[in-house]
Amino acid sequence: MPVKCCFYRSTSTETMAWFENMDTLLTNQAGLDAFRTFLKSEFSEENVEFWLACEDFKKTESAEIASKAKMIYSEFIEADAPREINIDFSTRDLISKNIAEPTLKCFDEAQKLIYSLMAKDSFPRFLKSEIYKTLVNSKQVGNHKKWFPFL
């Protein structure tokens, strides 16, 4: 199936910078959109969605911490959650115990685990994917193509 990449608005420099590290990818809207599309194709978009929810949660005002924490918990953590993430029992259990009185750090351990999973597993596959290859190739014009050893 051909990959439609025209909705990703990135420069050649930005697209190539995504190859350097996952943080660069996650902080660039076009990179994040491309990575989400890739994760959806692998049925694992809950990982990046959870990571983003945690990033947003860290900016939460005191009065909203409990309600936002419960929303994240019910969406991603509890057993049979709609977008349940794959974390170990001890991390899930710790969050379950702390959700009654949540703090801005209550999801930190799970977020680190999911980030590590994406960095070691999903991100390298994304860089080898047709989605990324298509994006890189669309940024190169005519005879001015550069040599990219990872393509």
Side-chain angles (χ1 to χ4, degrees), residues 1-60 67-96 99 102 104-151:
M1 171 169 94
V3 178
K4 293 185 179 182
C5 64
C6 51
F7 60 92
Y8 302 115
R9 300 194 185 266
S10 66
T11 66
S12 179
T13 304
E14 287 173 335
T15 305
M16 292 310 304
W18 304 342
F19 184 75
E20 299 299 322
N21 66 60
M22 194 169 73
D23 289 333
T24 305
L25 174 80
L26 294 174
T27 57
N28 177 277
Q29 188 59 54
L32 182 58
D33 290 345
F35 193 50
R36 271 183 165 144
T37 300
F38 170 73
L39 291 175
K40 282 179 185 175
S41 76
E42 293 202 330
F43 304 100
S44 61
E45 71 268 18
E46 71 277 357
N47 292 329
V48 75
E49 297 302 334
F50 172 73
W51 186 86
L52 290 167
C54 289
E55 288 297 292
D56 179 62
F57 180 70
K58 291 174 185 177
K59 302 170 195 160
T60 303
S67 63
K68 264 191 164 178
K70 286 181 177 132
M71 184 195 73
I72 291 171
Y73 180 79
S74 65
E75 186 73 19
F76 299 101
I77 306 295
E78 72 183 356
D80 299 320
R83 298 193 285 176
E84 186 177 356
I85 55 170
N86 186 12
I87 54 175
D88 60 89
F89 173 79
S90 61
T91 304
R92 189 178 310 276
D93 192 48
L94 179 64
I95 294 170
S96 296
I99 201 70
L104 290 178
K105 297 184 178 286
C106 68
F107 298 110
D108 284 1
E109 194 59 35
Q111 186 184 22
K112 287 177 195 168
L113 289 170
I114 293 302
Y115 181 91
S116 179
L117 175 70
M118 289 190 303
K120 292 176 182 172
D121 187 41
S122 305
F123 181 63
R125 282 199 322 277
F126 167 72
L127 295 176
K128 294 175 185 170
S129 73
E130 286 303 314
I131 292 170
Y132 186 67
K133 288 178 186 180
T134 301
L135 284 168
V136 169
N137 288 332
S138 72
K139 304 299 177 195
Q140 301 170 27
V141 183
N143 294 330
H144 300 303
K145 286 193 176 193
K146 297 176 184 172
W147 181 73
F148 299 109
F150 53 86
L151 297 179

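The analysis underlying the following values was restricted to heavy atoms, covering all of them including side chains, and did not include hydrogens, waters or symmetry mates.
Between I95 and R92, every side-chain heavy-atom pair lies at or beyond the 4.5 Å cut-off.
Across every non-hydrogen atom of N28 and A30, the tightest pair is OD1-N, 3.1 Å. Pairing each heavy atom of A119 with each of P124, the nearest pair is O-CD, 3.2 Å. Closest approach of C54 and F107 over heavy atoms only: SG-CB, 3.7 Å. Minimum interatomic distance between S74 and M71 (heavy atoms only, all atoms of both residues): OG-O, 3.1 Å. A53 approaches F76 most closely through the heavy-atom pair CB-CE1, 4.0 Å. For the residue pair L26 and F35, the shortest heavy atom distance occurs at CD2-CD2, 4.0 Å.
For K105, the side chain to side chain contact (heavy atoms under 4.5 Å, CB included) criterion is met by T103, D108, not counting sequence neighbours. Applying the side chain to side chain donor-acceptor pair (under 3.5 Å) criterion to S90, with sequence neighbours excluded, gives D88. Annotation: side chain to side chain donor-acceptor pair (under 3.5 Å) contacts of S41 (sequence neighbours excluded): none. Partners of D23 under the side chain to side chain donor-acceptor pair (under 3.5 Å) rule, at least two apart in sequence or in another chain, are Y115.
T37 places a side-chain N or O within 3.5 Å of a backbone atom of D33 that can act as its donor or acceptor partner. T60 contributes a side-chain N or O that, together with a main-chain N or O of F57, makes up a donor-acceptor pair within less than 3.5 Å.
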Please output the side-chain donor-acceptor pairs of residues 43-50 that fall under 3.5 Å, not counting sequence neighbours, one pair per line with the distance.
from, atom 1, to, atom 2, distance (Å)
E49, OE1, R36, NH2, 3.3
E49, OE2, R36, NE, 2.7

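Applying the salt bridge (Lys or Arg N to Asp or Glu O under 4.0 Å) test to residues at least two apart or on different chains, the pairs with a partner in residues 118-127 are E42-R125, D121-R125.
With rounding to the nearest 0.5 angstrom, the CD1 atom of I87 is 10.0 Å from the CG atom of D93. M22 contributes atom CE, which lies 11.0 Å from atom OG1 of T27 (distance to the nearest 0.5 angstrom).
Open room surrounds CG on N86; 12 or fewer heavy atoms of other groups in view lie less than 6.0 Å from it.
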_Stepwise side chain to side chain contact (heavy atoms under 4.5 Å, CB included) check, K59 with K68_ = CA-CA 11 Å; K59 302 170 195 160; K68 264 191 164 178; over 6 Å; no
*Would you sort out whether L117 and I85 count as a side chain to side chain contact (heavy atoms under 4.5 Å, CB included), showing the intermediate values?*
CA-CA 11 Å; L117 175 70; I85 55 170; over 6 Å; no
_Candidate pair F123 and M118, rule side chain to side chain contact (heavy atoms under 4.5 Å, CB included), full reasoning_ = CA-CA 6 Å; F123 181 63; M118 289 190 303; 5.6 Å; no
